[in-house]
Amino acid sequence: MNATTVSSSLASHLICSTCNTVSPIHEVQTYAHCCAKPLTVIYDFTKELSKASLLSQPNTMWRYAAVLPVLDPRNIVSFGEGMTPILPLNNLAATHNFKSLSIKDEGLNPTGSFKSRGLSMAISKAKELGIEHCVIPTAGNAGGAMSAYCAAAGIKATVVMPSHTPQSFKQECELYGAELHLVDGLINKCGVMAAEIQEKEGAFNISTLKEPYRLEGKKTMGYEIAEHLNWELPDVILYPTGGGTGLIGIWKAFHEMISLGWLKANVKLPRMIVVQADNCSPVVDFLNGEEKALVDYGESIANGLAVPVAFGRDMIAKVVRESGGTTVTVTDKEMIDGVKEVAKSEGLLMAPESAALWKGLLKLVDRGEVSRGEKILMINTGNGYKYLEHLV
């Protein structure tokens, strides 16, 4: 991608997501050590940027390069990720009497999930900052995505993954040339090993929200939702929440578009709904005023939902509260049933994480928290083909 295809970035600096302490964007950054919380990128919205400018930009997530933090477009590492379709679920809507039911299919990204967005962004920025080795703890999809983008960037990749992860996720990392470490336990134990590798080998740790740039890639889902829907937003967005980066990113995008004037200042923003696995629901518990021990959380067929500790928990909770959203949990059996129901009804093979949205939505309707007459959007975060060994 050359310099003529993308706009100059409006990225200005980084701030602590809790106390707003400023950090420079031209240096390697991890998280805000002042509060031990995530850093977020701030843009200079005093410079005019029109929606019309998008017409000359590529049909990928990099059409929003002006509001992404790569400062030199020659550092962009891209496989054409983003601009995934919003598909109407007409058969399910008719069967269950929904007026407007649709899904944004992130399974069509180059590495089969929404992780392509975050890792394209993070590895592009790592390349720009001269980083030569990256390590990531992953439940599956993020490891494959990082491995692919590191291969293209010429950066060494080390992946730490739970040993019970489906074989397809392990194989793709190795095919992309990554060094793969398997750990007995959930992603929090992988995080411990990743930190050890970071300390011993000097690798840059791309753990969820412990570096500031995966969030920026994920937020492009929010920009696309608005653009694809002609700058109108759904009433409700359901999101499968593990680390929660995408949920936070979508909300960040909506507020950035208000600052840009792309959305009206008085626009009604969607209610953001957190969906988690029944046996690993730390964010749901936190929002319900409950605290459980790590040992109380277990595995899930939805690898991406088996996240017992979310580093961005406070940010996730803030989004739910600000948006007037809510939470719901779904069992593994319900997820499997959901995968099969959606596949047979719509010809769409979703990841279990996303099938949880469908089953969670039905629960929310029964609870009176979502109306069948609302405009409902679900985010299918990944392709179900990688999970087949656990689904059949």
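Because only heavy atoms are used, hydrogens play no part in the values below, and waters and symmetry mates are left out as well, while side chains stay in.
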Please determine if [X] and [Y] form a salt bridge, counting it only when a charged side-chain N lies under 4.0 Å from a carboxylate O.
{"X": "Lys51", "Y": "Glu227", "value": "no"}
{"X": "Lys104", "Y": "Glu224", "value": "yes"}
{"X": "Lys125", "Y": "Glu211", "value": "no"}
{"X": "Lys333", "Y": "Asp337", "value": "yes"}
{"X": "Glu299", "Y": "Lys189", "value": "no"}

* Test item: Arg367 side-chain N/O and Val328 main-chain N/O as donor-acceptor pair under 3.5 Å -> no

* Hey, is the main chain of Thr326 close enough, under 3.5 Å, to the side chain of Arg271 for a donor-acceptor pair? -> no

Looking only at side-chain N and O atoms, does [Y] offer a donor or acceptor that is under 3.5 Å from a partner on [X]?
{"X": "Glu334", "Y": "Thr331", "answer": "yes"}
{"X": "Thr220", "Y": "Arg117", "answer": "yes"}
{"X": "Ser116", "Y": "Thr111", "answer": "yes"}
{"X": "Thr381", "Y": "Glu353", "answer": "no"}
{"X": "Glu81", "Y": "Tyr149", "answer": "yes"}
{"X": "Thr84", "Y": "Glu106", "answer": "yes"}

* CA sep, side-chain torsions, deciding dist, call: Glu341, Lys359, salt bridge (Lys or Arg N to Asp or Glu O under 4.0 Å) -> CA-CA 10 Å; Glu341 183 178 358; Lys359 289 300 187 179; 3.1 Å; yes

* **Derivation of the salt bridge (Lys or Arg N to Asp or Glu O under 4.0 Å) call for Lys219 and Glu256** => CA-CA 10 Å; Lys219 81 177 183 187; Glu256 288 179 355; 2.8 Å; yes

* Assign the ring pair Tyr223 / Tyr64 to parallel, tilted or perpendicular, where the plane angle (0 to 90°) is split at 30° and 60°. => tilted

* To do: Apply salt bridge (Lys or Arg N to Asp or Glu O under 4.0 Å) to Glu346 and list each qualifying residue two or more places apart in sequence or on a separate chain.
  => none

